[in-house]
Amino acid sequence: MATYRDVGIVLRTHKLGETDRIVTMLTRGRGEIRAVAKGVRRTKSKFGARLEPGMIVDLQCYEGRSLDTVTQAEIIAPYGERLVHDYGAFTAATAMLETAERLIEEREAVPQQFNLLAGALASLAHREHDPGLVLDSYLLRAVAIAGWAPSFVDCAGCGAAGPHRAFNLASGGAVCYSCRTPGSSAPHPETFALLAALLTGGWQVADASSPGARKEASGLVAAYVQWHLERGVRSLRLVDRTSQLESTR
């Protein structure tokens, strides 16, 4: 077995024995890895605080058959430490970390997913935009990278030029009158504009959006992501949207 270095984003941790933890990370060069961090739960651990969810670290690991072992960890960006002091940002980050883990495969590098998550965490930590908007933008882009890019202007069914008034999860977004099926919803035009802005990075439009559009958009984003993941993202139920609505009043 050999050692290797990589940059990783800590997605989650869980206890192993009395003093160790298993750390699940999204790495730039190896995709998802699971590694044992020995002794990190001891008070005098050298790098226990560096391996908390949301932290970006420079890692050195020793390859194992089923689990690797962390031998060194240096902080690159202490986002997890910053986010715990803002409940809205923390809950948004938690949902992003869970979603990232659902979308990636073990030992399969997807640099776009790594860069997207790192950028979203940086935006949350630096308070660049409302946490709810950052979360919804991340979710839409993450599923797009995974192969489920939604359409919010042209028809996702036949490609007819939009804008259109109906939205259908199974079809992949906006649908025209001919492609509309039972169960489709009819979001407000402003909501469609907000969704398109979140997908493409149109932050001027997103930041100026109304509370009603944000609320409707977040519901559609959550439904769209969970439809394609084929199971729920538990953390989405805990996301605090209070600041998202208050900031636009």
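The analysis underlying the following values was restricted to heavy atoms, covering all of them including side chains, and did not include hydrogens, waters or symmetry mates. Remember, predicted model here, so these are calculated numbers, not experimental data.
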(message) side chain to side chain contact (heavy atoms under 4.5 Å, CB included), that's the test. Do Leu238 and Thr94 meet it? Break it down for me.
(response) CA-CA 9 Å; Leu238 305 176; Thr94 300; over 6 Å; no

(message) Please identify which of these residues, Leu198, Leu135, Ile145, meets the side chain to side chain contact (heavy atoms under 4.5 Å, CB included) condition with Leu140.
(response) Leu198

(message) Given Glu52, which partner from the list Arg21, Arg12, Glu81 fulfils the side chain to side chain contact (heavy atoms under 4.5 Å, CB included) test?
(response) Arg21

Atom [atom1] of [X] and atom [atom2] of [Y]: how far apart are they, to the nearest 0.5 Å?
| X | Y | atom1 | atom2 | value |
| --- | --- | --- | --- | --- |
| Leu199 | Asp136 | CG | CG | 11.5 Å |
| Ser210 | Leu194 | OG | CG | 8.0 Å |
| Asn168 | Trp227 | CG | CH2 | 7.5 Å |
| Met96 | Ser137 | CE | OG | 10.0 Å |
| Tyr79 | Leu97 | OH | CG | 13.0 Å |
| His164 | Cys155 | NE2 | SG | 5.0 Å |

(request) Please determine if Arg5 and Asp58 form a salt bridge, counting it only when a charged side-chain N lies under 4.0 Å from a carboxylate O. (result) yes

With a 4.5 Å limit on heavy-atom distance, are the side chains of [X] and [Y] in contact?
| X | Y | answer |
| --- | --- | --- |
| Lys38 | Thr69 | yes |
| Val70 | Leu51 | yes |
| Val225 | Arg102 | no |
| Leu236 | Leu139 | yes |
| Pro189 | Arg165 | yes |
| Glu105 | Glu32 | no |
| Thr181 | Ser184 | yes |
| Asp130 | Arg214 | yes |

Short question: side chain of [X], backbone of [Y] - any donor-acceptor pair under 3.5 Å?
| X | Y | value |
| --- | --- | --- |
| Thr71 | Gln60 | yes |
| Glu98 | Ser235 | yes |
| Glu216 | Gly212 | no |
| Ser123 | Gly119 | no |
| His188 | Glu190 | yes |

Does [X] share a hydrophobic cluster with [Y], counting links as ILVMFWY side-chain heavy atoms below 4.5 Å and allowing steps through other members?
| X | Y | value |
| --- | --- | --- |
| Val7 | Leu26 | yes |
| Ile56 | Phe90 | no |
| Val221 | Phe152 | yes |
| Val84 | Leu121 | no |
| Ile9 | Val143 | yes |

(message) Surrounding CD of Glu106 (heavy atoms of other residues, nucleotides or ligands, distance under 6.0 Å), is the total greater than 12?
(response) yes

(message) Which residues pass the ring pair (Phe, Tyr, Trp, His ring centres under 6.0 Å) test with Trp203, not counting sequence neighbours?
(response) His129

For [X] and [Y], which heavy atoms make the closest approach, and how far apart are they?
| X | Y | result |
| --- | --- | --- |
| Ala156 | Ser171 | CB-O, 3.4 Å |
| Pro53 | Thr13 | CD-CG2, 4.4 Å |
| Asp154 | Gly159 | CB-O, 4.2 Å |
| Ala166 | Phe192 | O-CZ, 3.4 Å |
| Ala100 | Tyr138 | CB-OH, 3.3 Å |
| Val23 | Ala37 | CG2-CB, 4.0 Å |

(request) With sequence neighbours left out, write down each residue that passes salt bridge (charged side-chain N to carboxylate O under 4.0 Å, His left out) with Arg141, or none if nothing qualifies. (result) none

(request) Test Thr191 against Leu220 for side chain to side chain contact (heavy atoms under 4.5 Å, CB included), laying out the working first. (result) CA-CA 9 Å; Thr191 301; Leu220 292 174; 4.2 Å; yes

(request) I would like to know whether Leu229 and Leu103 meet side chain to side chain contact (heavy atoms under 4.5 Å, CB included); could you show each step before the answer? (result) CA-CA 8 Å; Leu229 290 178; Leu103 289 171; 3.5 Å; yes

(message) Students often mix this up, so state it plainly: with edges at 30° and 60°, are the rings of His228 and Trp148 parallel, tilted or perpendicular?
(response) parallel

(request) Tell me who clusters with Ile22, hydrophobic residues only, linked when side chains sit under 4.5 Å apart either directly or through other members. (result) Leu16, Val36, Leu67

(request) For the pair Cys176 and Cys158, evaluate side chain to side chain contact (heavy atoms under 4.5 Å, CB included) and give the outcome as yes or no after the intermediate values. (result) CA-CA 8 Å; Cys176 66; Cys158 67; 3.7 Å; yes

